[in-house]
Structures are given as structure tokens and as C-alpha cells.
Amino acid sequence: MGSFSIWHWLIVLLIVVMVFGTKKLKNMGSDLGGAVKGFKDGMKDGAASVDDEKPTAQVSASAAAQKNTIDVEAKTKS
């Protein structure tokens, strides 16, 4: 009495398919898979960006070199 038999699970599956439809269930599955894949990629990118941080001396030197650059988009917007 504590666990369900295979027939109980088949009836539950049949009811879920009847309520949501196979197309919607397929879309929900692919959306969930895409979300998990995106989360894993984000975790990999986050770990890589922490390892690739530059020391502050290099950042300030590159910022000084960028003072002479011209932002083309800023000129066209104003």
C-alpha cells in the first residue's frame, strides 16, 4: 500500500498527456533542457572569468591607452 504499481503511474501519465498534450510536454522538455545547458555554460564561463582576471597595473595601463580612442557610436547618437 506504500508504493504505487505500474498501472497507477500509467494512469497518471495518461491524465497528464490528456491535460497538457504531447506538443506542450515536448516544448516544456526542450525548454528545461535548454535552461540546464545554459546554466552549465554560465557556470563554466563564470569559473573561466575568475581565472582570467588581470592585475590592476595592467588594467590601469590599458585604460590610459584607451583615452585616445574615439567612440564612433557616441558621436552619431548626439
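Heads up: numbering here begins at 1 and tracks the sequence.
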Tell me whether [Y] is reachable from [X] by hopping between hydrophobic residues (I, L, V, M, F, W, Y) whose side-chain heavy atoms are closer than 4.5 Å.
X     : Y     : answer
Val17 : Trp7  : no
Phe4  : Val16 : no
Val19 : Leu13 : yes
Leu14 : Trp9  : no

For residues 29-37, which side-chain N or O atoms pair as donor and acceptor with protein atoms under 3.5 Å away, sequence neighbours left out?
{"residue": "Ser30", "atom": "OG", "partner": "Lys26", "partner atom": "O", "Å": "3.4"}
{"residue": "Ser30", "atom": "OG", "partner": "Asn27", "partner atom": "O", "Å": "3.0"}

Spacing of Ile6 atom CD1 and Ile11 atom CD1 [to the nearest 0.5 Å] | 11.0 Å

